[in-house]
Each structure stands twice: as structure tokens, then as C-alpha cells.
Amino acid sequence: MNELNPKISVIVPVYKAEAYLHRCVDSLLAQTFQDYEILLIDDGSPDRSGEICDEYVKKDKRIQVFHKENGGVSSARQCGMDNARGEYTIHADPDDWVEPTMLEELYKKAEEDDADMVICDFYNEEKDHTTYVTQTPSSLHRETVLYELFQRLHGSCCNKFVRRICYERFNIKFPLELSYCEDLYVNACILSNEINISYLPKAFYHYDQYTNQDSLVHRPYRFIIEQGKCFRQLLSDALPSNLYDKIYPNILYHQAMNALVDKNPCLSTFRSDFRDLKQFIKQIDTSWKAKMLLRTAFYVSPNLSHTIIIGWNCMHGR
């Protein structure tokens with residue numbers, strides 16, 4: 001391993017993760033690829049997470065730990081980026097885990113294709129089953145991938161292997177105002193620039209949807225709405241207006257579906273929160289089921305749409 005300039009930096013934001021942090025870090029240490037560093041960012045965690053991070057530093061020289069005051073997941077990810085030295089970066093959340101060949105295969109693909117971003121598939125881990133989630137873009141053109149990030153592709157940084165210089169060249173940072181979809185924002189900003197994209201049709205990342213009930217994915221409806229408004233404003237400021245206008249219906253669609261899926265909804269304001277989306281339902285390239293749910297929400301009741309979604313999820317054991 002090149003300690004000064006490793007090939008890959010893996011960034012792990014850590015907060016209240018003592019129950020599962022070992023699983024994540026151990027899976028990263030089990031990589032078949034050797035030339036990498038792990039940056040554990042202790043975001044002022046009140047539990048033993050910081051101590052566990054310090055224990056790992058003593059065990060393996062590839063690990064660095066940074067202790068900071070609590071500032072949210074964006075500040076933790078940015079702290080990792082500010083201290084990363086790798087040619088490529090990838091993020092991992094502390095409640096998830098990865099396959100041992102992840103770094104080796106992603107790096108090989110990036111080198112073969114001279115890619116600035118490699119997208120791969122991932123696994124969704126529910127309580128009783130695992131689902132393989134395909135992330136094949138319909139095209140590797142950056143605007144197509146950006147468009148599809150707000151429909152059928154996942155916005156996460158955890159299945160995207162990115163050349164670090166892209167963040168520096170395009171002056172992209174994780175916004176401190178966001179603690180929800182901050183990774184989607186950053187990936188959208190990267191894709192708004194001329195980059196070379198590749199796709200590897202394999203899954204390495206296990207996205208745990210059930211262990212951590214404090215996860216941001218379980219935040220209530222009002223939080224999602226307020227963060228969604230902030231997200232749209234930040235992205236509108238960051239992207240060229242013609243590009244933002246093109247993806248605006250998709251952004252609304254993505255946020256509306258998140259709101260309808262939310263486990264603790266307060267849907268009385270759904271129609272006013274997403275009033276602009278109503279005019280775009282026909283043109284959005286999505287499934288008939290999704291369009292049916294949106295029409296039901298606008299013309300009948302958003303609570304009924306939510307109930308239908310919960311019923312479908314129960315039928316599939318989610």
C-alpha cells in the first residue's frame with residue numbers, strides 16, 4: 001500500500017453506530033484490494049462509536065479516524081472528502097456492509113474504461129430477505145444518468161466509485177444545510193459536468209433497511225418536505241437553468257414518492273407541497289403503478305395512496 005497516496009479512499013460517516021460499526025469496518029478490512037484507506041468520521045457520536053473507531057486505528061494502519069463536533073451527515077462526509085488522499089473515493093454507511101471484491105472490481109473497471117464514475121448494482125437488506133437491485137442506466141451519457149437518478153436509479157454515493165479530482169475540479173461539496181439526500185445532491189452536481197461514466201453489472205454493497213431505526217430513511221414527513229425544498233433550491237443554484245428545468249419534474253416525482261412511502265406520514269398538505277407535480281404526471285417516464293398512486297394522491301386522497309403502498313410492502317414482506 002502507498003500510505004501517502006492510496007488508490008482508493010473509503011469514507012464512513014459515523015453516528016450512534018456502536019451496534020453495527022464492527023460489521024461495516026470488518027467488511028472493508030476484508031477487501032481483496034490492498035491499496036486503500038478507510039476514513040472513519042466520528043460525528044460527535046454520544047455512544048461508544050468514537051472509542052470503537054480508535055480501537056480500529058490501533059489495529060490497522062489503513063484506517064484513520066477524525067473526531068468532530070456533531071454537524072450532521074453532510075459535514076461528516078465533507079470532512080472525509082477534505083482529508084481523503086485516494087485517486088478514487090466511495091462512501092459506506094456504518095449500518096451497511098460490502099462484499100470482499102468490491103474495491104478490486106470497481107478499481108479495475110474504472111482503470112479499464114478511464115471512468116470518472118463507475119456505477120454498480122447493490123443489495124437491499126430487509127428483515128427476512130435480500131433483494132438484488134439493478135442499476136443499469138439506459139445510456140451512459142451524463143444527462144441521461146442525471147435524469148434517471150430521480151426515477152429508477154439510486155442517488156447514493158455508496159454504489160458510485162468516483163475520481164476524487166472531480167470534486168475539486170468542479171468545486172463540489174456536501175451542503176451543510178442538507179441531512180437528507182445530500183448524496184443525491186452531490187451526484188447530481190457531478191453529473192452536470194462533462195465526465196466519463198461506466199457501469200459494472202454486479203452488486204457489492206448491502207444496504208441495510210431494517211437494523212438502524214434511527215436512520216434518516218425513517219424521518220417523518222414534514223422533515224422530508226422541508227429538506228426537499230432546501231434540496232431543490234440548492235440544486236437550482238448549482239445547475240445550469242436549462243438542465244435544472246429538464247429534471248425538475250423528476251425531482252418532484254422522486255420527493256413525492258418518498259413522502260408517500262414514509263412510515264409516519266402527515267399527508268394533509270401533500271397536494272399543496274407538490275402542486276407543480278400534478279401537471280407533469282403524464283410526461284414522467286415511470287411505471288403505471290407509480291402514476292396511478294400519484295393520480296390517487298391528487299384526485300382522491302394521499303392517505304389512500306400511502307395505504308396502498310403499505311399494503312404492497314406488507315405483501316412483499318417489507
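We number each residue from 1, following the sequence as shown. Quantities reported herein were computed from a predicted structural model and do not represent experimental measurements.
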Practice item. Under the side chain to side chain donor-acceptor pair (under 3.5 Å) rule, what do His67 and Asp43 come out as? Steps first, then yes or no, please. Key: CA-CA 6 Å; His67 299 284; Asp43 189 32; over 6 Å; no

Do we see a donor-acceptor contact under 3.5 Å between the side chains of [X] and [Y]?
{"X": "Tyr56", "Y": "Asp26", "value": "yes"}
{"X": "Glu125", "Y": "Gln209", "value": "no"}
{"X": "Asp121", "Y": "Gln135", "value": "no"}
{"X": "Tyr248", "Y": "Asp276", "value": "yes"}
{"X": "His129", "Y": "Asn124", "value": "no"}
{"X": "Gln151", "Y": "Thr286", "value": "no"}
{"X": "Ser49", "Y": "Glu18", "value": "no"}
{"X": "Tyr36", "Y": "Arg62", "value": "yes"}

Within the supplied structure, the quantity of interest is the number of heavy atoms (other residues, nucleotides, ligands) at a distance under 6.0 Å from [X] [atom1]; does it exceed 12?
{"X": "Lys291", "atom1": "NZ", "result": "yes"}
{"X": "Lys282", "atom1": "NZ", "result": "no"}
{"X": "Arg295", "atom1": "CZ", "result": "yes"}

Is [Y] close to [X] at the side-chain level, that is, under 4.5 Å between some pair of heavy atoms?
{"X": "Lys108", "Y": "Glu112", "value": "yes"}
{"X": "Leu39", "Y": "Val12", "value": "no"}
{"X": "Phe161", "Y": "Ile119", "value": "no"}
{"X": "Asn83", "Y": "Gln64", "value": "no"}
{"X": "Leu40", "Y": "Val57", "value": "no"}
{"X": "Arg275", "Y": "Phe298", "value": "no"}
{"X": "Ile63", "Y": "Leu29", "value": "yes"}
{"X": "Leu153", "Y": "Val145", "value": "yes"}

Shortest non-hydrogen contact from [X] to [Y]?
{"X": "Ala297", "Y": "Phe270", "value": "CB-CE2, 3.6 Å"}
{"X": "Tyr185", "Y": "Leu178", "value": "CB-CD1, 4.0 Å"}
{"X": "Pro13", "Y": "Asp93", "value": "CG-OD1, 3.9 Å"}
{"X": "Asp183", "Y": "Ser156", "value": "OD2-CA, 3.4 Å"}
{"X": "Ile11", "Y": "Ala84", "value": "CD1-CB, 4.5 Å"}
{"X": "Glu148", "Y": "Pro137", "value": "OE1-CA, 3.5 Å"}

Output yes when a side-chain donor or acceptor of [X] lies under 3.5 Å from a complementary backbone atom of [Y], and no otherwise.
{"X": "Glu37", "Y": "Pro6", "answer": "no"}
{"X": "Thr134", "Y": "Thr136", "answer": "no"}
{"X": "Glu69", "Y": "Gly44", "answer": "no"}
{"X": "Ser236", "Y": "Arg232", "answer": "no"}
{"X": "Ser27", "Y": "Val98", "answer": "yes"}
{"X": "Ser45", "Y": "Asp42", "answer": "no"}
{"X": "Asp96", "Y": "Ala92", "answer": "no"}
{"X": "Ser74", "Y": "Phe174", "answer": "no"}
{"X": "Asp113", "Y": "Ser198", "answer": "no"}
{"X": "Gln227", "Y": "Glu177", "answer": "yes"}

Check your understanding: Does the side chain to side chain donor-acceptor pair (under 3.5 Å) test come out yes or no for Asn196 and Asp116, once each step is laid out?
Key -> CA-CA 5 Å; Asn196 186 25; Asp116 298 302; 5.6 Å; no

Would [X] and [Y] count as a close aromatic pair, with their ring centres under 6.0 Å?
{"X": "Phe122", "Y": "His154", "result": "yes"}
{"X": "Tyr253", "Y": "Phe274", "result": "no"}
{"X": "Phe231", "Y": "His254", "result": "no"}

Interatomic spacing from [atom1] in [X] to [atom2] in [Y] - rounded to 0.5 Å:
{"X": "Thr101", "Y": "Gln31", "atom1": "OG1", "atom2": "CD", "answer": "7.5 Å"}
{"X": "Ile247", "Y": "Leu149", "atom1": "CD1", "atom2": "CG", "answer": "8.5 Å"}
{"X": "Asn258", "Y": "Ile224", "atom1": "CG", "atom2": "CD1", "answer": "6.0 Å"}
{"X": "Ile8", "Y": "Ile90", "atom1": "CD1", "atom2": "CD1", "answer": "8.0 Å"}
{"X": "His22", "Y": "Ile52", "atom1": "NE2", "atom2": "CD1", "answer": "4.0 Å"}

Could [X] and [Y] be called an ion pair, given the rule that one side-chain N must be under 4.0 Å from one carboxylate O?
{"X": "Asp54", "Y": "Lys58", "value": "no"}
{"X": "Glu104", "Y": "Lys109", "value": "no"}
{"X": "Arg222", "Y": "Glu226", "value": "yes"}
{"X": "Arg23", "Y": "Asp208", "value": "yes"}
{"X": "Lys202", "Y": "Glu99", "value": "no"}
{"X": "Arg48", "Y": "Glu51", "value": "yes"}

**Study point:** Test applied, ring pair (Phe, Tyr, Trp, His ring centres under 6.0 Å); reference residue, His206; option that passes from Tyr123, Tyr20, Tyr132
**Key:**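 The residue from Tyr123, Tyr20, Tyr132 that satisfies ring pair (Phe, Tyr, Trp, His ring centres under 6.0 Å) with His206 turns out to be Tyr123.
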
Review point. In terms of hydrophobic clustering (I, L, V, M, F, W, Y; side-chain heavy atoms under 4.5 Å; direct or indirect links), are Leu304 and Leu267 co-clustered?
Key: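 Both belong to a single hydrophobic cluster.
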
Check your understanding: Are Ile172 and Ile165 joined in one hydrophobic group, where the rule is that I, L, V, M, F, W and Y side chains link up if heavy atoms are under 4.5 Å apart?
Key ->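 No; Ile165 is not reachable from Ile172 via cluster members.
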
Review point. What do the steps show when you test Glu87 against Arg164 for salt bridge (Lys or Arg N to Asp or Glu O under 4.0 Å), and what is the final call?
Key: CA-CA 6 Å; Glu87 178 186 358; Arg164 182 168 60 89; over 6 Å; no

Exercise for review: Report the C-alpha distance between Met257 and Phe150 in whole Å, list the side-chain angles of each, state the deciding distance to 0.1 Å, and finish with yes or no for side chain to side chain contact (heavy atoms under 4.5 Å, CB included).
Suggested key: CA-CA 10 Å; Met257 295 305 292; Phe150 297 94; over 6 Å; no

Practice item. Give the C-alpha distance, both sets of side-chain angles, the deciding distance and a yes or no for side chain to side chain contact (heavy atoms under 4.5 Å, CB included) between Met292 and Thr296. Key: CA-CA 6 Å; Met292 180 271 288; Thr296 300; 3.6 Å; yes

**Study point:** Stepwise side chain to side chain contact (heavy atoms under 4.5 Å, CB included) check, Ile195 with Arg163
**Key:** CA-CA 10 Å; Ile195 64 168; Arg163 203 188 301 267; over 6 Å; no

